Enquirer: 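What follows is a structure written as C-alpha cells; I'll ask about it next.
It should be emphasised that the depicted structure is a prediction, and the values quoted were computed from it without experimental measurement. Numbers here simply count residues along the sequence, with the first being 1.
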Amino acid sequence: MQARGQLEDAAKLYRKVLQQAPDSVDGLHLLAMVRGKQGRHEESIRLYRDALKRRPADAKLWYNLGLIYHAAERPHEAGNAYARAVECGANGPDLLGLWYTSRRLLCDWSDHAALMAALSRGANPAGPPASPFDTLMLDDPHLHLAVARRRLGGVRPATRLPPTVRDPSDKVRIGYVSADFREHPTTHLIARLLERHDRTRFEVVAISIGPDDGSDYRRRIIAAADRFIDCFAFDLETTAKAIAQAGIDILVDLMGHTSANRVDLFAHRLAPIQVAYLGYPGTTGAPEMDYVIADPAVLPFSEASTFSEAVVHLPETYQPCDPHIEIPPSPSRAECGLPAGALVFCAFNGAQKIDPETFGIWMGLLEQVPGSVLWLLAGDAQMQANLCRAAEARGIAKERLVFAPRREVAAHLARIPLADMFLDTFPYTAHTTANDMLRMGVPVVTRAGASFASRVAASLVTLMGCPELVARDADDYAALALGLAQDPQRRSALRARLLAMRDRSPLFDSERYRLHLEAAYEGMMARWAAGEAPAAFAVPLLLGSISPDATA
C-alpha cells in the first residue's frame, strides 16, 4: 500500500497536469484513482464523471467508477457503471460478477434483462467471463458447463493416478473439502453423515479452507472427523501439500464454484478419486473431477453430457440431512411479527434467487388473497427497501412484507410451521430450505426446469409423496399457489401428509442414505482398483428403512 505522503505527492503532480491541460482524460483518470485510494470517494467520483464527459465510451473509466461507487457503498450506481463498462466492451475477469453482486444480492432489478443477457454470453471468449455460480440463475445446463470450463481455462485432458495394490482390509480414507464447516446450510445437511460413516470401512478427514466461526456446527464437524486439517491460513500450494500428505483415497469437494472455493486444488490430482458433491448444483467443468453425486430426478443419465464429471446416481436422493435436530417449541405469530389471522406465504430463499418474474407472481397472490403476507428472510437494509419499493410499484403495501431475522438452525426450524405454504424461486430452487420446510410440514410449491439447480425442490417434494406441488411453468405455479391459498382444507391435509411422511420418507432416513453413499464410494474405488476410468453408474436401492438411526 502506498504511503499517504506518496499518494498526496502523486495528487499534486496530477493537479499540475490538469492546470496545464484541464481536458486531459488521462490526468483526470489518474487523479481519480489516487483520490479513491485516499478514501476521498466523492471527489474521485466527480473526477471520473468529468473524464467520462470527455470520453463516454471508455470501458476502463466506467469500470473504475463502479469500483469507487462500490467502495462508497453506493451499489446501485456501481451497478450502473459496471453495466456501462460491459456495453463499452470491457472484458475484465470479475466484471460480470461485480455487476451481478450489485444487483441480485440487493434485489435491484433495474437492468435485470441486460444482466441476464450478459451472463448468458459468459462463455463467449469475446466478452467478459461469467461466474459459474451466477449462471445458475439461468436454466441452461449447457451454458453452465461452458462457463465453468472457461473459468478453468478451457477443456484440458484429465489426469489419473494409476491403481496401486491395496490390502482389502484397509479403510477407504475420504477427505471432505469445504470452506463452510461452520453455521452454514451445507454443514447442516452433512454433519450427521460425517458422524455416522462406518468406521470399520472408512476413515473421515475434514479439510477446512474457511474460517472458524466458533459455532456448535464447527465443533461438531471437528468431533465427527477422524482427522481435521485446518488450511484456512494456507495458500493454494501449501493446502495441496497438506492434502497430499494426508493420503486421501477419495477427495470430495463440497463447494464447486461457490464463494471461497478452491476448485483449482483438484487440478493437482491430490487423490486417486475426486468427487463433486452437495454444495454446488452444477458441474465444476474440471476434468480432474471424476464423479458427481446426483440422483435420477436432478440429473438423469440422459443429460450427463451437460456435466464434465461421470454421474453417479444414489437411488432416492443425492441430499443428506440430519433428522435428529432438537427443535424447541414454536414461537407465536406475534413474536415473529406475523398477523394472527392472516395467510402467510413464506419465501425463505436467499435474496439472489429472487427474480422480478417470480416476485411479480408473489405480489399477484397477495393481491388475490386479502390480508395475506409474504414472509421473507431479512437481509441488507437496501435489499429490504428494494423489495418494499417493488411491492409498492405493484400496488402492494410494503407492510405486507414481513422480514424474519436470521436464527440458528433449531430456532429457525421452530418458526417455520407458522407459515401456511412455501413459495419457491426459479430456476435456482430451494435446496436446504426445501428440506427444512418439508421436515416441518409446510407445503412447498415449486417448479422444475432443465438444470440440476432447478430440480432439487421438485425431487424432494416428490420424495415426500406430494408430486402435485410441482408446477409445469410460471402460469401453472401461480395457479397452483393460489388454489392452495384458497383451500384451507387441502393445506391442512398436505401438512398432515408431510408430517406423517417425515417418519417414513427416504429423505429423512439418514442411515439408509449413508449406506447408499458408501456403496457409491466403494463402486468408485472398485473401478479405480481395476484400472478402469471413471464411468457413470447407479447404486442399487436398499429396500426398507434402516432402524438404528431412527432411534439414535
Enquirer: Any sub-3.5 Å donor-acceptor pair from Arg219's side-chain atoms to Gly214's backbone N or O?
Expert: yes
Enquirer: Please identify each residue that fulfils ring-ring contact (aromatic ring centres under 6.0 Å, His included) with His431, with sequence neighbours left out.
Expert: Tyr428
Enquirer: Checking ring pair (Phe, Tyr, Trp, His ring centres under 6.0 Å) for the pair Phe133/His257: CA distance, chi angles, key distance, verdict?
Expert: CA-CA 6 Å; Phe133 176 82; His257 292 285; 9.8 Å; no
Enquirer: The criterion is ring-ring contact (aromatic ring centres under 6.0 Å, His included); which residues satisfy it with Phe307, sequence neighbours excluded?
Expert: none
Enquirer: Do the charged groups of Asp26 and Arg55 touch, with an N to O distance under 4.0 Å?
Expert: yes
Enquirer: Residues in side chain to side chain contact (heavy atoms under 4.5 Å, CB included) with Asp475, at least two apart?
Expert: Asp473
Enquirer: Pairs in or reaching into residues 63-73: which pass salt bridge (Lys or Arg N to Asp or Glu O under 4.0 Å), with residues at least two apart or in two chains?
Expert: none
Enquirer: For His144, what residues pass the ring-ring contact (aromatic ring centres under 6.0 Å, His included) criterion, not counting sequence neighbours?
Expert: none
Enquirer: Would you tabulate the side-chain donor-acceptor contacts of residues 447-458 under 3.5 Å, counting partners in other chains and residues two or more places apart, or write 'none'?
Expert:
unit_1	atom_1	unit_2	atom_2	d
Ser451	OG	Asp139	OD1	2.8
Ser451	OG	Ser454	N	3.3
Ser451	OG	Ser454	OG	3.4
Ser454	OG	Asp139	OD1	3.4
Ser454	OG	Gly449	N	3.0
Ser454	OG	Ala450	N	3.4
Ser454	OG	Ser451	N	3.2
Ser454	OG	Ser451	O	2.8
Arg455	NE	Gly449	O	2.8
Arg455	NH1	Glu303	OE1	2.8
Arg455	NH2	Glu303	OE1	3.3
Arg455	NH2	Glu303	OE2	3.2
Arg455	NH2	Gly449	O	3.4

Enquirer: Taking only residues two or more places apart in sequence or in another chain, which ones pass side chain to side chain contact (heavy atoms under 4.5 Å, CB included) with Cys388?
Expert: Lys398, Leu401, Phe403
Enquirer: Check whether Gln319 reaches the backbone of Leu278 with its side chain - one donor and one acceptor, N or O, closer than 3.5 Å.
Expert: no
Enquirer: List the steps, then state whether side chain to side chain donor-acceptor pair (under 3.5 Å) holds for Tyr63 with Asp94.
Expert: CA-CA 10 Å; Tyr63 174 75; Asp94 58 350; 3.0 Å; yes
Enquirer: Would you mind checking if Arg151 and Asp264 are paired as a salt bridge, meaning a charged N to carboxylate O distance below 4.0 Å?
Expert: yes
Enquirer: Does a salt bridge link Glu392 with Arg389, judged by any charged N lying under 4.0 Å from a carboxylate O?
Expert: no
Enquirer: When rounded to the nearest 0.5 angstrom, what distance separates NE2 in His268 from CZ in Arg262?
Expert: 11.0 Å
Enquirer: Residues two or more places apart in sequence or in another chain: which of them pass ring-ring contact (aromatic ring centres under 6.0 Å, His included) with Trp375?
Expert: Phe348
Enquirer: With no hydrogens and no angle check, is any side-chain donor or acceptor of Thr239 less than 3.5 Å from a backbone partner on Asp235?
Expert: yes
Enquirer: Scan residues 105-119 for pairs that pass side-chain hydrogen bond (donor to acceptor under 3.5 Å, both in side chains), counting only residues two or more places apart or in two chains.
Expert: His76-Asp108, Trp99-Asp111, Arg103-Asp108, Arg103-Asp111, Asp108-Ser110
Enquirer: Identify every side-chain donor-acceptor pair in residues 358-371 under 3.5 Å, counting partners at least two apart or on other chains, and give the distances.
Expert:
unit_1	atom_1	unit_2	atom_2	d
Thr358	OG1	Asp355	OD1	2.6
Trp362	NE1	Tyr477	OH	3.0
Gln368	NE2	Gly364	O	3.1

Enquirer: Do you know which two heavy atoms are closest between Ser102 and Leu106, and how far apart they sit?
Expert: O-CD1, 3.9 Å
Enquirer: So that I can tick it off, tell me whether Asp290 and Arg269 are bridged by a salt bridge, with the cut-off set at under 4.0 angstrom between side-chain N and carboxylate O.
Expert: yes
Enquirer: Just to verify, what does His41 make a side chain to side chain contact (heavy atoms under 4.5 Å, CB included) with, not counting sequence neighbours?
Expert: Ile68, Ala71, Ala72
Enquirer: Can you name the residues that form a side chain to side chain contact (heavy atoms under 4.5 Å, CB included) with Arg218, not counting sequence neighbours?
Expert: Phe181, Ser208, Asp212, Asp213, Ser215, Ile222, Phe228, Asp230
